[in-house]
Amino acid sequence: MLTSPFVAMNVVYSELFCYQSKEDHVLRRDELTYRFRELHVLSKPVVMPNPWDIGSAKVMANMGAKALATTSSGYGFTQGLTDGGQMTRDLALQHATEICAAVDVPVNGDFENGFGDSPETVAETVQLAAKAGLSGVSIEDTAFPGTDSYPFELALARIEAAVIAAGAAGIVLTARADGWQLRNYDQAEALRRCQAFAQAGADVIYAPLVDADTTRALAATGTPVNILAAGDMRDLTTKQMGALGASRISIGGGLARVTQQVVIEGTQAMLERGDFTILKGAASEAEIEALLNR
């Protein structure tokens, strides 16, 4: 039986989708999810930016993004939280619901480790992600709030449970192997885990920051591969990442951190040097209004 967060989320849906019937909401999500699946094409990756609030989501969608993804680190910053296990499931679901209601493109949810260790909790989270209106959900193999990776057998069992739940809910499941980026295991283990996740039925596999050779090996599984535009991958173009076998490119909290750096540098300049010239680089009010209201 689903626990109280499931009941609590129904309250959110009734508020955000009061203008829609339940059937309309389900049909809209089904259509977006179909579009999302179709966007995953080998060597022709869809660029999936990661907004951190409603405004950035609307701007990205109205500029032509075909899909979006939430970012736990980016949204966490807006709530005064650091990344890695501080986000609650209720908060992530509420944020996902708001983003999905604000845009007309598929949205993938960054749901960290599924907000629990057990396969049962992960399956429940996947069901709730679909209920929130998400077209996709990503599940990591990190045992938050720490930084250890789950043992292989448990990591696989969690994805197996998620695959069943995703199939029943009709949502695209991305299975992540994050241990290489955390230096908990090597790239060979990241590949082994992703291969097992693919065999278990994951729709997309994702091992952040692995190199070009490992990325090609991931693509050889035949399961769509997500590349994170971070580290050395930032120097590659969309076409070049596609040549490695990517079907999807995400940026994680990268763009959110760029804006945070502007806040740091601008505040430092104003408070320490009395320098306000950074404000000359502001986006025009008219341009932002046009993007928000398009």
Side-chain angles (χ1 to χ4, degrees), residues 5 8-9 11-19 25 28-29 32 36 46-112 115 125 128-138 140 144 174 226 228-230 248-267 278-279 281-294:
M9 284 306 299
V11 176
V12 176
Y13 306 137
S14 65
E15 293 175 350
L16 287 173
F17 300 106
C18 59
Y19 58 90
H25 174 51
R28 177 178 181 271
R29 195 190 72 83
L32 290 173
F36 192 43
V46 58
V47 177
M48 184 177 71
N50 298 70
W52 51 92
D53 57 16
I54 293 173
S56 57
K58 293 184 74 170
V59 166
M60 291 173 180
N62 288 333
M63 289 187 72
K66 295 180 180 179
L68 300 174
T70 65
T71 161
S72 58
S73 63
Y75 177 58
F77 179 82
T78 70
Q79 303 299 304
L81 303 173
T82 57
D83 194 25
Q86 288 200 20
M87 185 79 62
T88 67
R89 184 165 71 176
D90 283 350
L91 192 58
L93 286 166
Q94 180 179 343
H95 174 57
T97 303
E98 293 170 348
I99 297 297
C100 290
V103 298
D104 289 319
V105 298
V107 181
N108 187 78
D110 174 3
F111 274 29
E112 298 192 327
F115 304 103
T125 295
L128 289 167
K131 184 73 174 178
L134 290 166
S135 296
V137 60
S138 299
E140 303 175 26
F144 292 121
T174 299
N226 185 99
L228 176 66
R248 191 175 81 195
I249 300 169
S250 59
I251 62 173
L255 192 56
R257 291 193 183 95
V258 170
T259 67
Q260 292 160 19
Q261 185 62 33
V262 172
V263 171
I264 292 169
E265 291 178 358
T267 302
I278 193 171
L279 302 179
S284 74
E285 184 176 351
E287 182 179 20
I288 293 301
E289 287 182 357
L291 286 169
L292 291 176
N293 295 325
R294 185 177 298 175

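Just the heavy atoms: all of them, side chains too, but no hydrogens, waters or symmetry mates, feed the values below. Everything numeric here is computed off the predicted structure, so don't read it as measured data.
With contacts defined as side-chain heavy-atom distances shorter than 4.5 Å, the pair Asn226/Ile249 does not qualify. In this structure, Arg257 and Gln261 have side chains that are not in contact, with every pair of non-hydrogen atoms separated by 4.5 Å or more. Between Arg28 and Asp104, some side-chain heavy-atom pair lies under the 4.5 Å cut-off. Leu93 is listed as a side-chain neighbour of Phe111, based on a closest heavy-atom distance under 4.5 Å. Looking only at side-chain heavy atoms (C-beta outward), Leu255 and Asn50 stay at 4.5 Å or farther from each other. The shortest side-chain heavy-atom distance between Asp83 and Glu112 falls under the 4.5 Å cut-off.
Contact between Ala61 and Leu68 at its shortest, heavy atoms only, is CB-CD1, 4.3 Å. The minimum heavy-atom distance linking Ala102 with Ile54 is given by the pair CB-CG2, 3.7 Å. Scanning all heavy atoms of the two residues, the minimum distance from Ser56 to Pro51 falls at OG-CB, 3.3 Å. Closest approach of Ala67 to Pro49, counting heavy atoms only: O-CD, 3.4 Å. The minimum heavy-atom distance linking Val103 with Ala57 is given by the pair CG1-O, 3.7 Å. Of all heavy-atom pairs spanning Phe115 and Ala92, the tightest one is CZ-CB, 3.6 Å.
Atoms NE2 and CE, on His95 and Met87 in that order, are 7.0 Å from each other to the nearest 0.5 Å. The distance from the CG atom of Asp53 to the OG1 atom of Thr70 is 12.0 Å, given to the nearest 0.5 Å. Atoms OG1 and CZ, on Thr125 and Arg89 in that order, are 4.0 Å from each other to the nearest 0.5 Å.
The closest side-chain donor-acceptor pair between Thr71 and Asp110, if any, does not fall under 3.5 angstrom.
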Are Arg248 and Thr174 close enough, and set up right, to give a side chain to side chain contact (heavy atoms under 4.5 Å, CB included), and what steps lead you there?
-> CA-CA 11 Å; Arg248 191 175 81 195; Thr174 299; 3.0 Å; yes
Begin with the C-alpha distance, continue with both residues' side-chain angles, and end with the deciding distance and a verdict on side chain to side chain contact (heavy atoms under 4.5 Å, CB included) for Ile99 and Tyr75.
-> CA-CA 11 Å; Ile99 297 297; Tyr75 177 58; over 6 Å; no
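Side chain of Arg29 to main chain of Ser135: no donor-acceptor pair is present (N/O by atom type, distance under 3.5 Å, no hydrogens or angles). One N or O on the side chain of Arg294 and one on the backbone of Asn62 form a donor-acceptor pair closer than 3.5 Å. In this structure a side-chain-to-backbone donor-acceptor pair under 3.5 Å is missing from Asn108 to Ala69. With hydrogens and angles disregarded, no donor-acceptor distance shorter than 3.5 Å links the side chain of Ser250 to the backbone of Leu228.
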